[in-house]
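We use all heavy atoms of the structure for the numbers below, so side chains are in, but hydrogens, waters and symmetry mates are not. Numbers for residues simply follow the sequence, beginning at 1. Fair warning: this is a prediction, and the values are worked out from it, not measured in the lab.
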Amino acid sequence: MTISQSPAPARSDIAAATAPGSSPRHPYAVHGAVLTAGALAWAGAMAFTGIDPQTRATEVAFSVSSGLFQVGLLFLLRTLWRTQALGTGRLARAVLRIEAVAVALAIGSTAGDGLGLTDMDQLGWILLDMFWPLSMLGMFLIGIRIAVAGRWKGVTRFWPMVAESWAVVTIPVLAVFGDTAAHVVACAHLVVGYAVLGVLVSRKQD
């Protein structure tokens, strides 16, 4: 008598067995759609307002669109958490929690700008405003970790690092080449990086 063993089927295998011919499930379709929408909205608003809005109307448009982009980052972080893209250890989970807090505080800064409440003469608003660049730097480091961990495969392994390099690319361009060049790079990078990443995220599976 021969006893053979086979590994337990993955959830996707079970779904295929119970529903032959059905299309694959995409549990992160909404997550990716929000990320793409936010990136395109911010890029579109920035194309008209520039990186530094000068009027109240452009400031509101910039804040609403960039706020939507930041909400998209929260959806991206949730996808990273659920798919364990950074790894399965406590440190990986802690990094994602810290980054989610940083993004949430950055959203608070954006809301303050949009509502006209920000007062850069006050230390509290200065500190809150710092979470914008800090959160983007954190996303860049997370993108590197995704590539190193290798838990996401194919193009999705490296595209987060491309998308999340937005700040580390745009800020040096601004410092070296000025507002015009940084304006073009910032808009283009959002579309090529985060908007495309949203499409890739929408196709992810558990």
Side-chain angles (χ1 to χ4, degrees), residues 26-47 49 51 60-87 91-115 118 127-149 151-152 155-171 185-204:
H26 297 295
Y28 305 107
V30 172
H31 298 64
V34 173
L35 181 59
T36 296
L40 293 177
W42 192 24
M46 196 184 302
T49 67
I51 295 178
V60 171
F62 188 91
S63 297
V64 170
S65 60
S66 59
L68 178 58
F69 167 75
Q70 290 168 319
V71 171
L73 293 183
L74 292 178
F75 276 86
L76 173 60
L77 290 172
R78 185 173 187 271
T79 304
L80 299 179
W81 176 279
R82 287 175 60 95
T83 59
Q84 299 180 328
L86 275 65
L91 180 59
R93 296 194 295 272
V95 167
L96 291 176
R97 287 192 182 104
I98 293 170
E99 180 61 18
V101 172
V103 172
L105 290 171
I107 292 174
S109 174
T110 300
D113 293 341
L115 296 171
T118 301
L127 294 176
L128 189 63
D129 184 67
M130 289 176 60
F131 280 97
W132 233 128
L134 288 175
S135 65
M136 295 303 290
L137 176 60
M139 293 304 302
F140 176 62
L141 297 177
I142 284 174
I144 294 176
R145 175 56 191 169
I146 293 171
V148 171
R151 295 178 64 83
W152 282 14
V155 69
T156 61
R157 177 177 179 178
F158 299 100
W159 207 261
M161 185 169 57
V162 173
E164 292 159 10
S165 66
W166 184 88
V168 299
V169 170
T170 303
I171 293 175
V185 170
C187 295
H189 201 294
L190 280 172
V191 175
V192 174
Y194 276 108
V196 173
L197 178 59
V199 175
L200 297 176
V201 166
S202 69
R203 299 175 179 176
K204 294 295 293 183

Using 0.5 Å steps for rounding, measure from the CG atom of Leu77 to the CG atom of Leu96. 6.0 Å

Which atom pairs, one a donor and one an acceptor, fall under 3.5 Å between side chains of residues 127-147 and the rest of the protein, sequence neighbours left out?
{"residue": "Trp132", "atom": "NE1", "partner": "Thr110", "partner atom": "OG1", "Å": "3.0"}
{"residue": "Ser135", "atom": "OG", "partner": "Phe131", "partner atom": "O", "Å": "2.8"}
{"residue": "Ser135", "atom": "OG", "partner": "Trp132", "partner atom": "O", "Å": "2.8"}
{"residue": "Arg145", "atom": "NE", "partner": "Leu86", "partner atom": "O", "Å": "3.0"}
{"residue": "Arg145", "atom": "NH2", "partner": "Leu86", "partner atom": "O", "Å": "3.2"}

From Cys187 atom SG to Leu40 atom CG, the distance as rounded to the nearest 0.5 Å: 11.0 Å

Suppose we screen for ring-ring contact (aromatic ring centres under 6.0 Å, His included). Which residues come up paired with Tyr194, at least two apart in sequence or across chains? Phe69

Residues which pass side-chain hydrogen bond (donor to acceptor under 3.5 Å, both in side chains) with Arg93, listed by chain and number, not counting sequence neighbours: none

Set of residues satisfying side-chain hydrogen bond (donor to acceptor under 3.5 Å, both in side chains) with respect to Trp152, sequence neighbours excluded: Thr83

Val155: partners by side chain to side chain contact (heavy atoms under 4.5 Å, CB included), with sequence neighbours left out: Trp159, Leu200

With sequence neighbours excluded, residues passing side chain to side chain contact (heavy atoms under 4.5 Å, CB included) with Arg78: His31, Arg82

Just to verify, what does Thr79 make a side-chain hydrogen bond (donor to acceptor under 3.5 Å, both in side chains) with, not counting sequence neighbours? none

By side chain to side chain contact (heavy atoms under 4.5 Å, CB included), which residues pair with Ile107, not counting sequence neighbours? Gln70, Val71, Leu74, Val103

Of all residues at least two apart in sequence or in a different chain, which pass the side chain to side chain contact (heavy atoms under 4.5 Å, CB included) check with Val30? Val34, Phe75

What are the two closest non-hydrogen atoms of Leu68 and Ala41, and how far apart are they? CD2-CB, 4.0 Å

Does Thr170 reach the main-chain N or O of Ala167 with its side chain, forming a donor-acceptor pair under 3.5 Å? no

If the condition is side-chain hydrogen bond (donor to acceptor under 3.5 Å, both in side chains), which residues does Thr156 pass it with, not counting sequence neighbours? none

